[in-house]
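Report on one structure; see the data block that follows.
From a predicted model like this one, the values you see are computed outputs, not experimental measurements. Order of the sequence lines fixes the chain letters, A, B, ..., with proteins taken first and strands second; residue numbering starts at 1 for each chain.
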There are 2 protein chains.
Amino acid sequence: MEITNDNNPDFFRTQCIVHNLKITPQRILIYNELTGAKNHPTVDNIYRSLHEKYPNISFDTVNRTLLTFYDIGLVDIIESPGSQRRFDPNKENHHHLHCIKCGKIIDFTSSELDALSIPLEVGKHFKVLQKRVVINGICEDCQKKTAGL
Amino acid sequence: MEITNDNNPDFFRTQCIVHNLKITPQRILIYNELTGAKNHPTVDNIYRSLHEKYPNISFDTVNRTLLTFYDIGLVDIIESPGSQRRFDPNKENHHHLHCIKCGKIIDFTSSELDALSIPLEVGKHFKVLQKRVVINGICEDCQKKTAGL
DNA sequence: TTGACAAATAAGAATTATTCCTATATAATA
DNA sequence: TATTATATAGGAATAATTCTTATTTGTCAA
Ligand SMILES: [Mn+2]
Ligand SMILES: [Mn+2]
Ligand SMILES: [Zn+2]
Ligand SMILES: [Zn+2]
């Protein structure tokens with residue numbers, strides 16, 4: 001199943017206006033690249049894709065813009081085991097598989113897991129905004145690669 | 001509740017021997033520091049603590065040793081939203097609260113969550129090694145800080 | 001439609017995090 | 001105790017992120 005992210009130009013414009021952000025060509029490009037992205041791009045992923053078509057865009061603009069999008073809730077910054085910050089344009093409830101070999105982070109959905117209940121004690125001390133199941137393991141590709149050992 | 005990590009010198013020695021690692025003073029120091037650590041230290045956290053008492057220890061040794069410990073399964077590298085790699089000496093089944101304000105990662109336990117079942121479809125394509133619930137939100141301290149706004 | 005201005009950008013420098021290099025030291029073994 | 005493979009310290013190199021500043025641009029009021 002292919003996951004496609006929402007790309008709603010009107011929503012984007014509205015969010016920018018609500019948060020007093022100017023609607024610049026760079027922001028539009030980055031928003032489109034992001035919503036078109038599979039997986040969970042790093043700043044560098046987005047920068048490189050855009051830089052091919054628009055050689056003048058700067059890395060810093062991509063980075064700053066992605067952080068701004070995070071601030072206004074347009075994108076998530078997801079958990080990963082170090083290295084580079086990774087963004088998730090998919091704000092829907094979903095869960096993650098982390099491959100410990102290649103670092104890939106794969107989405108999966110489960111209404112059962114969406115509904116899991118958090119201990120009461122936790123809710124008393126911690127304001128819960130999002131919950132997700134994170135599974136560590138080895139992806140299909142990496143299993144195949146080491147099959148011959 | 002205070003979480004204390006196992007510090008079992010015999011276990012440590014055995015693990016080193018099994019994996020053909022020399023038992024060096026540095027490795028012992030790092031192992032002890034790690035098992036004494038609350039929360040989820042970065043390389044720099046461990047390095048700084050040790051460096052106060054042992055000014056000759058090098059950052060690279062701490063970093064390399066922690067990665068070695070990860071390789072032999074003595075410690076986990078945990079999910080975090082970028083910045084620095086974080087280690088978890090607690091290999092028991094447990095779950096995490098991520099504070100999006102201060103970056104703190106807090107442990108909690110729940111036998112109910114330990115037992116959650118993963119969709120069959122996932123297991124077919126992905127070799128599951130560990131599963132954990134990761135909750136994003138705002139910790140008690142950070143809630144207090146912004147209470148006056 | 002135009003001008004003023006606050007906000008955003010590009011480019012490169014600076015900072016921070018991690019890894020690599022290599023000469024020296026040392027734990028393990030015989 | 002001598003040998004040797006492994007590990008370490010220290011510093012250099014690389015990678016990731018953020019900052020600085022001169023310039024440009026989107027927005028809005030006139
Ligand atoms: Mn995702
Ligand atoms: Mn933990
Ligand atoms: Zn993989
Ligand atoms: Zn906090």
Side-chain angles (χ1 to χ4, degrees), chain A residues 9 12-33 40-72 74-75 77-87 103, chain B residues 9 12-33 40-72 74-75 77-87 103:
Chain A
F12 175 67
R13 295 182 67 86
T14 306
Q15 287 304 104
C16 284
I17 291 166
V18 166
H19 293 94
N20 292 307
L21 298 180
K22 291 180 179 174
I23 297 165
T24 66
Q26 290 88 342
R27 282 181 176 150
I28 293 167
L29 287 172
I30 293 165
Y31 178 73
N32 289 339
E33 190 66 29
H40 302 89
T42 63
V43 178
D44 202 52
N45 292 154
I46 300 285
Y47 170 68
R48 281 171 193 264
S49 317
L50 289 178
H51 189 254
E52 286 181 17
K53 290 188 186 173
Y54 312 94
N56 285 329
I57 201 164
S58 80
F59 182 89
D60 184 55
T61 294
V62 176
N63 184 54
R64 188 170 17 77
T65 299
L66 288 170
L67 291 175
T68 302
F69 287 174
Y70 171 72
D71 287 340
I72 67 170
L74 219 50
V75 65
I77 292 175
I78 61 168
E79 77 294 334
S80 83
S83 61
Q84 282 149 288
R85 189 179 282 136
R86 299 185 72 167
F87 294 86
Chain B
F12 175 66
R13 295 182 66 86
T14 306
Q15 287 304 103
C16 285
I17 291 166
V18 166
H19 292 94
N20 293 307
L21 298 180
K22 291 180 178 174
I23 298 165
T24 66
Q26 291 88 342
R27 281 181 177 151
I28 293 167
L29 286 171
I30 293 164
Y31 178 72
N32 289 339
E33 190 65 29
H40 301 92
T42 62
V43 178
D44 203 52
N45 292 154
I46 301 285
Y47 170 68
R48 281 170 193 264
S49 319
L50 289 178
H51 190 254
E52 287 181 16
K53 290 187 185 175
Y54 312 94
N56 285 329
I57 202 165
S58 80
F59 182 90
D60 185 53
T61 294
V62 176
N63 184 54
R64 187 170 19 75
T65 300
L66 288 170
L67 291 175
T68 302
F69 287 174
Y70 170 72
D71 287 339
I72 68 170
L74 219 50
V75 65
I77 292 174
I78 61 167
E79 78 294 332
S80 82
S83 62
Q84 282 150 290
R85 189 179 281 136
R86 301 186 72 167
F87 295 86

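- B/Asn63 contributes no side-chain N or O that, together with a main-chain N or O of B/Asp60, makes up a donor-acceptor pair within less than 3.5 Å.
- Here A/Ile30 contributes atom CD1 and A/Leu50 contributes atom CG; the two are 6.0 Å apart, rounded to the nearest 0.5 Å.
- For the helix from C/dT1-D/dA30 to C/dA30-D/dT1, the rotation axes defined at the first and last 5 base pairs enclose an angle of 40°, given to the nearest 10°.
- Between A/Tyr31 and A/Phe12, the ring planes lie parallel to each other; the angle is under 30°, not in the 30° to 60° tilted range.
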Evaluate A/Phe59 against A/Asp44 for side-chain contact (heavy atoms from CB on, under 4.5 Å), listing each step before the verdict. CA-CA 8 Å; A/Phe59 182 89; A/Asp44 202 52; 3.7 Å; yes
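- For the atom pair CZ (B/Phe87) and CD1 (B/Ile77), the distance works out to 4.5 Å, reported to the nearest 0.5 Å.
- At whole-Å resolution of the value, CD in A/Gln84 and P in C/dT19 are 12 Å apart.
- At the heavy-atom level, B/Leu67 lies under 4.0 Å from the strands shown only through sugar-phosphate atoms.
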Along nucleotides 25-30 of chain C, 5' to 3', which nucleotides get a B, which get an S, and which get a -, given that the test is a protein heavy-atom distance under 4.0 Å? --BS--
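- Atom CD1 in A/Ile57 sits 5.5 Å away from atom CD in A/Gln26 (nearest 0.5 Å).
- Taking NE2 of A/His40 as the start and CD of A/Gln84 as the end, the distance is 15.0 Å to the nearest 0.5 Å.
- A close approach under 4.0 Å does not occur between any side-chain nitrogen or oxygen of B/Arg85 and OP1 or OP2 of C/dA17.
- The side chain of B/Asn63 contributes an N or O atom lying less than 4.0 Å from OP1 or OP2 of C/dT19.
- Taken to the nearest 0.5 Å, the CG atom of B/Asn20 stands 10.5 Å off from the CD1 atom of B/Ile72.
- For C/dA8, neither phosphate oxygen OP1 nor OP2 lies less than 4.0 angstrom from any side-chain nitrogen or oxygen of A/Arg64.
- Atom CZ in B/Phe59 sits about 13 Å away from atom P in C/dT16, given to the nearest Å.
- At whole-Å resolution of the value, NE2 in A/His19 and P in C/dA7 are 16 Å apart.
- For the pair A/Leu29/A/Asn32, no side-chain contact is recorded, criterion being any heavy-atom separation below 4.5 Å from C-beta on.
- Mapping B/Pro55 and B/Asn20 onto DNA chain D by nearest heavy atom places B/Asn20 at the nucleotide closer to the 5' end.
- Counting 5' to 3', DNA chain D first comes under 4.0 angstrom of a heavy atom of chain A and last does so at the ends given by D/dA16 to D/dT27.
- Taking atom CG of A/Asp44 as the reference point, atom P of C/dT18 lies 17 Å away to the nearest angstrom.
- A donor-acceptor pair under 3.5 Å is formed between the side chain of A/His19 and the backbone N or O of A/Gln15.
- Between B/Lys22 and B/Arg27, the shortest heavy-atom contact is O-NH1, 2.8 Å.
- In this structure, A/Tyr31 atom OH and C/dA8 atom P are separated by 18 Å, rounded to whole Å.
- Rounded to whole angstrom, the span from the CZ atom of B/Arg48 across to the C1' atom of C/dA17 amounts to 12 Å.
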